[in-house]
Amino acid sequence: MLSTVAINIFNLLKEKTLPKVVITTHHKPDADAMGSSMGLHHFLKQIGIDSKVISPTDFANNLKWMPNSENVINFEESTDLCKAITDEADFIFCLDFNDLKRINEYGEVVSATKSIKILIDHHQHPIGFEDYSYWDDKASSTCELVYRFIHDIGLSDLINKSIASCLYTGILMDTGSFKYSNCSGQTHRIVAELIDAGANHIEIGDAVFDSFSEDRVRFIGYAISQKMEVFKDLNTALIVINDQELLKYNVTTGDTEGLVNYGLSIEGVKFAVLIIDRTKLVKMSFRSKGNFAANNFAKENFNGGGHFHAAGGSSDLSLEDTVKKFKTILYNYKEDLNV
Ligand code: 5GP
Ligand code: MN
């Protein structure tokens, strides 16, 4: 029972005087990663526990309105500070990932500490590095799980505007604005509670969807009109972006979020793919509809994983060779893509 896990974790936190708590999440944290981390951070504050949020990398500008997010420590920028804080931690909450590879080099630091590691996550196939696991792959988002964790320990009354706003944002984004199959009646009931507790859906919608730079909007237009290939016989849409294009449009962290979904909005398309040359690595995003498993495709071919309908992976080949490899492999899935 997950509620027993929540109660056990809460008791451990209470037993310790002034516990040192770190909250971390996956690299390039998205809305669910940041929302769950900041939501938990504000909840711990409500129960008198100070916590430090460490991100393996920077995060998108459209999430910087989250209260206290200016105090998030970036491991890439402040490596020594993060190491010192992590080494001293009694508890490390690991949110929205279940494989230490997802937090880059910070994974070695986390794994080397004696701290109690608590996982809160909704991705399939956890590798099991944690001591306590509050995990449910049926949950819409990690933000939903943080809400359920607070509910399980009987403290939902402590949910204030900051907590509610952060958690609402992650649920909003991870359900594709309440459209995806991971969104249930329970998700809506939780969202209703969060709105009652102070989450302002108009302000949040404006902050996350309507606060981009002009460059970003032009970049999306360019990517769709000039760079999208549609393979009708395979019900697949592909966008490939090279490093020059990222520079030309001043693409910053978070700017490519959502781009992959446009392919899926074409009638008949069941599989949408975005391949981006991130210099160190070629990064891939996969989205699917119906019974095509994006996470299996990512796992089988590109060292990745994720959810059934939303997954990611990477390749250390050149951009050109990655695209060639992708196109060759895609034909092996012809039958699955035509169901
Ligand atoms: P995105 O395409 O937005 O980067 O990621 C979509 C989903 O796939 C997210 O749930 C994310 O956690 C997961 N994901 C993205 N990249 C990887 C990866 O390299 N490995 C694994 N295991 N999951 C990934
Ligand atoms: Mn998530």
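All residue numbers in this chain count up from 1 along the given sequence. All ligand and atom numbering here is 1-based and tracks the order in the structure.
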If every non-hydrogen atom of Glu76 is compared with every non-hydrogen atom of Asn74, which pair is closest and at what distance? N-OD1, 2.8 Å
Using every non-hydrogen atom in the two residues, find where Met34 and Pro29 come nearest and quote the distance to one decimal. CG-CB, 3.8 Å
Using side chain to side chain donor-acceptor pair (under 3.5 Å) as the criterion, point out the one residue from Lys248, Glu245, Lys227 that pairs with Tyr222. Glu245
Residue shell around ligand 1, heavy atom under 4.0 angstrom: Arg102, His123, Lys283, Ser285, Arg287, Gly304, Gly305, Gly306, His307, Ala310, Ala311, Gly312, Gly313
I'd like to know if the side chain of Tyr134 pairs up with that of Asp152 as donor and acceptor (distance under 3.5 Å, no hydrogens or angles considered). yes
Protein N, O or S atoms at less than 2.8 Å from the Mn ion (ligand 2), how many? 4
Look at the aromatic rings of [X] and [Y] and report parallel, tilted or perpendicular, splitting at 30° and 60°.
X: Phe297; Y: Phe326; value: perpendicular
X: Phe129; Y: Phe97; value: parallel
X: His122; Y: His307; value: tilted

So, Phe43 versus Phe149, ring centres under 6.0 angstrom or not? no
Distance under 6.0 Å and angle within 45° of the ring axis: does Lys325 meet both against Phe302? yes
